[in-house]
Amino acid sequence: MAYNAYASSSKHTLDIPELQLPTNVAVPPPSPPPPAPPQVSTQARKETDFHRYLAGQSVMKSGLTRDQAEVNKIIADASKDSKFFKREREKDDLLVKRIEGLMRKKEELEKRANLPKLEKEANEIIAKLEATRDLSQKIVHVDLDAFYEARKYGVRSGMAGFIAKKLCPHLIFVKNNFADYSEASKQVREVLARYDENLAMAGLDEGYLNITPYMTLHDMSASDVVSHLRAAVEAETGLTISAGIAPNKLLAKICSDKNKPDGQFELEGDAKVVKAFMRDLPIRRVPGVGRVAERILSSMGVQTCGDVYTHRAVINLMDHHLGLQGLLKAYLGIGSSVVQPGRREERKSVGCERTFSDKSNETEILEMLEHIAQELESDLARTGFAGRCVCVKYKAHTYEVKTRQVSLNKFVNTAAEIYPHAKELLEKEFPLKIRLLGIRMTHLKDLQGPQGGLDKFLAESVPGRKKRLRSASQDPGDDIRVISSDEDDETHRRPSESASPQRKAMRMHRSPSLADAMNCPICGKTLKNGTTNVDLNRHIDSCLRATSPEVISDDEIEIVKVSRSAAQPSPVQKRSKQKVKAKPPDKLQNAFQLMMSGK
DNA sequence: GCGGATCAC
DNA sequence: TATGGTGATCCGC
């Protein structure tokens, strides 16, 4: 069972300082290329970097009251001596080596590089990107507010419960209620859809809208529409949301963080304003730039989006490893303005995985594998897919993750067909001592095609036989991806070749959300259209039974706030409880019970 | 096509 | 004492 965590406190709206660009985090000052701080020893520097790395993903994404270095230290101390920590340390060492390799490579290439030429090329790309800039749309990113109180202490989603408790000793854990989240999310969605029927949800707690048509229709300004929209959401669901208004999704997402919680921020649709906005923005805030990319870019002197421009020649030189075009788009604040719900046929895989206490007994492991195969079967049935590639994943007790896959000559979707292949793959790996097992089906075929009669035909089709038509308007999304290959790169391309921006600078990905279907708030899977609440509850119950313990999950929505003494249900909680109550699984009846009341 | 890594939510 | 699950993408081979 997962838990929500809240620090008790009085009215949140008053305690939270305005979000500002982090001044208290371990990011070196912006703009002029910062030389390495001379007074800090290399060893101490590495340690700080590692602590930051360990602190995890979401840490640098938003502002924080508490000193981040202190938080990182607490996290590191609490983790010390664990296998998890040891593995993270190993990963960090590998990252350091990788960065060293990249630095050597950079110096090597710089010797023969024609930097003015590289800079000129970068300028040309910038000019081309500028020509594609679309400032005509008003895109809104909305984000449900959560973690008000605990956030101040450095508590983050994805954090282990016991670490959170260290950061915030009076933290109170509340068992979360995914059915209520789902219901609340649905209610919010219904309100939002009044402002843009093409609303694209990205998970339970955020979404994008294009309000341009609504503005025209009602002759309203963007900020008035969003104020209206937020008031409507709060009035009808009791939940507060934060919103960002900007000409594209990339900017809107960044903006929605600016006046969080329960606020909004609009970025004018003007190229100069946009660029000024991006210039001092930490590169880590750009979707797609995670903790690894942040470290790599930092080693190249890039901490802010503005630094991308400063270092454009060198980034061009290292294009293959860094992805020049994506970074230039971040610098320019250019992104997609297309808002559409994801399509069902865009799905690429269906998988199921479980964490458990370390297992080495082979019979037990295979039992677990079979259990997972069964769960996968029901997920495949529910989502209406079959696959022709079986991928087994396991995590050793050391936290090392491995995958093994096999392609089949037919599409399968039952445990009876999947398990034998999974078993064969896993048995080759024995002896094992593992803490996680998973199976994923890829190379999917949609059994739930638009024409029902076609299903049988497709079910018997052979790989390669049929190709699904891809949608013409593949929206690449806004994410930037920074790639760096291993250091052993024997073939030394000449700078001019390596600099070619056309090749593959742009590395993007997206995670489509599926339209018009119920998503299970636990496993995130899409339930068939027409699924009833009862079906949903049954599915959720089965998910809950297998949910792993006490990790603060990402998709949690703050529905209750808990004081030291009692939990006070919000309006939506009461309502949704009544609605879902028809047949609430036992587990859900215990929802919102205080688990650890910090006594 | 396979396996490792990274990222988002 | 103790660190999640699902899905996607990209790279090097």
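Residue numbers start from 1 in every chain, and the chains themselves are labelled A, B, ... in the order their sequence lines are given, proteins ahead of strands.
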Starting at [atom1] of [X] and ending at [atom2] of [N], how long is that distance when rounded to a whole Å?
X	N	atom1	atom2	answer
A/Leu408	B/dC2	CG	C1'	14 Å
A/Leu426	B/dG3	CG	P	13 Å
A/Arg285	B/dC7	CZ	C1'	17 Å
A/Arg87	C/dT3	CZ	P	15 Å
A/Arg382	C/dT6	CZ	C1'	13 Å

I want to verify a distance call: between [options], whose nearest atom is closest to the [X] side chain?
X	options	answer
A/Gln405	C/dA2, C/dG4, B/dG1	B/dG1
A/Ala160	C/dT3, C/dT6, B/dC9	C/dT3
A/Arg284	C/dT3, C/dG7, B/dA8	B/dA8

Could you list the residues that satisfy salt bridge (charged side-chain N to carboxylate O under 4.0 Å, His left out) with A/Glu206, not counting sequence neighbours?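 Only A/Lys253 meet the salt bridge (charged side-chain N to carboxylate O under 4.0 Å, His left out) criterion with A/Glu206.
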Does A/Lys166 have any salt bridge (charged side-chain N to carboxylate O under 4.0 Å, His left out) partners at least two apart in sequence or in another chain, and if so, which?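 Testing A/Lys166 for salt bridge (charged side-chain N to carboxylate O under 4.0 Å, His left out), a comparison that skips the adjacent residues, returns none.
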Would you say [X] places a side-chain N or O within less than 4.0 Å of OP1 or OP2 belonging to [N]?
X	N	value
A/His320	C/dC11	no
A/Arg347	C/dG7	yes
A/Thr403	B/dG4	yes
A/Arg440	C/dG7	yes
A/Ser79	C/dT3	no
A/Arg404	B/dG4	yes
A/Arg435	C/dG4	yes
A/Arg98	B/dT6	yes

Over all strands shown, is [X] touching base, sugar-phosphate only, or nothing at heavy-atom distances under 4.0 angstrom?
X	answer
A/Ile163	base
A/Lys402	sugar-phosphate
A/Glu206	sugar-phosphate

Taking the nucleotide of DNA chain B with the nearest heavy atom to each, does A/Leu95 or A/Cys389 sit closer to the 5' end?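 Its nearest nucleotide lies further toward 5', so the answer is A/Cys389.
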From A/Glu353, A/Arg440, A/His371, A/Met441, residue fulfilling side-chain contact (heavy atoms from CB on, under 4.5 Å) relative to A/Leu376: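 Considering A/Glu353, A/Arg440, A/His371, A/Met441, a side-chain contact (heavy atoms from CB on, under 4.5 Å) with A/Leu376 is found only for A/Met441.
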Taking donor-acceptor contacts at under 3.5 Å, does the side chain of A/Ser82 reach the base of C/dT1?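 Counting by modelled atom types and ignoring angles, no donor-acceptor contact under 3.5 Å is found here.
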Take atom CD of A/Glu424 as the centre, draw a 6.0 Å sphere, and report whether it contains more than 12 heavy atoms from other residues, nucleotides or ligands.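 No - once you tally the heavy atoms of other residues, nucleotides and ligands closer than 6.0 Å, there are 12 at most.
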With a 4.0 Å cut-off on N to O distance, would you call A/Lys402 and A/Glu400 a salt bridge?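 Salt bridge flag = yes for A/Glu400 with A/Lys402.
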I'd like to know if A/Asp92 pairs up with A/Arg89 as an ion pair, taking the criterion as any Lys NZ or Arg NE/NH1/NH2 lying under 4.0 Å from an Asp or Glu carboxylate oxygen.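 So A/Asp92 does not pair with A/Arg89 through a salt bridge.
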